[in-house]
Visitor: 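Here it is, the structure, as structure tokens.
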Amino acid sequence: MSRTIWIDEEGEVRTIDQTALPFERRELVLRTLEDCDRAIRDMQVRGAPLIGAVGAWGLALALRDDASDASLKSAFERLAASRPTAVNLRWALERVRARVAAQAPARREALARDEAGRICDEDVACNARIGERGAELLRALAQRRAARSGGDGTGPAPLNLLTHCNAGRIATVDHGTALAPVYRLHAEGVPVHVWVDETRPRNQGAALTAWELAERGVAHTVIADNAGGLLMMQGRVDAVIVGCDRVAANGDVANKVGTYLKALAARDNGVPFYVACPVSTIDSGTPEGASIPIEERAAREVTHVDGVLGDGSRASVRIVPEASPVANPAFDITPARLVSALLTERGVFEASVAGVRAALGAQ
Ligand code: MRU
């Protein structure tokens, strides 16, 4: 089972509790709207496409308990507010609502379940396409890199990519967005190595990206968030590839906080900076990055670090003085001018008003 959300033999919705990774693979059963809302807020599930999928199932589960108009409205609003930056959540909720709103309450649960299932299936297909499209682009870089190296008996040097946060398999229903081309190249036998930003404060890179790359046998190295600039300056990064939580109409992108700094370093060093996302991440209703709501998360994510002790038990340790105030914006905005291209299931587009329009209009 490589999907991150599925229906088990009892007909229950199951997912993986990502707060237990990389130390334990724990499954979570989502039985109610409350279960889905909690899983999204507490980041047991995370990553824009997976949040959308869980939101869609949350609405279906709410309608199982109460299929009235009032229940549809309150469940929609509750789930939509659970994480504000990733537009895929609202997009998925709107799809389910549009499918059921005009129907009799008795039919709503079945239709909502069907729509949630479709959203999941489409996510898998979209990400497989992103993998193909992205691999085409990266293959050219890999060939150039291989032509420069080799001849010394060690074989071609790998394509070195740098990624921030986790936009892999477990951030989606399957395949991932930024990591989909990586898995594709790896499956083709192209030597590829990924620099994995740890991604403070929640360490999605160190904990999740490293875990899933290791699971698939992809060469990778975890680095401190601040190391990427030096590696780019030293010519040790061929391209940066990240996921995205929302693309504004002008091509500005919101992604995990710290992405902008990588884009600046990439531009300064002539390294291509690619943003991989399904078209459902494009929000034509948001004119520019400055209008994207940035989620502010709990101070505890900054003041404490979670991990395991030598005896294998889980621990959370404070690293900031009690008296120090803390801010924790979870995302930042990378201006379109720093983005080399948007990699979508419909092709590769410029990060610009024209590029975004073309992506939305393409089939
Ligand atoms: O806060 P998270 O872990 O949900 O943030 C995830 C990211 O920023 C990802 O890059 C983004 O959602 C794309 S996931 C394919």
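Both ligands and their constituent atoms are indexed starting at 1 by order of listing.
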Visitor: Going by the ring pair (Phe, Tyr, Trp, His ring centres under 6.0 Å) test, which pairs reach into residues 167-195, not counting sequence neighbours?
Guide: His193-Trp195
Visitor: Does atom CZ of Arg314 have more than 12 heavy-atom neighbours, drawn from other residues, nucleotides or ligands, at distances under 6.0 Å?
Guide: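 It does: Arg314 CZ has more than 12 such atoms within range.
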Visitor: Indicate whether the side chain of Asn166 and that of Gln18 have a donor and an acceptor atom separated by less than 3.5 Å.
Guide: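 Result is no, nothing qualifies.
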Visitor: What's the shortest heavy-atom distance between Val320 and Val326, and which atoms?
Guide: CG1-CG2, 4.2 Å
Visitor: Regarding Asp197 and Thr199, do their side chains bring together a donor and an acceptor under 3.5 Å, going by distance alone?
Guide: no
Visitor: Rounded to the nearest 0.5 Å, what's the gap from NE2 on His220 to CG on Leu179? Could you check?
Guide: 11.0 Å
Visitor: Exactly which residues line ligand 1, taking a heavy atom under 4.0 Å from it as the test?
Guide: Met43, Arg46, Gly47, Ala48, Pro49, Arg83, Cys165, Asn166, Ala167, Ala171, Thr172, Thr177, Gln204, Gly243, Cys244, Asp245, Asn255, Lys256, Phe331
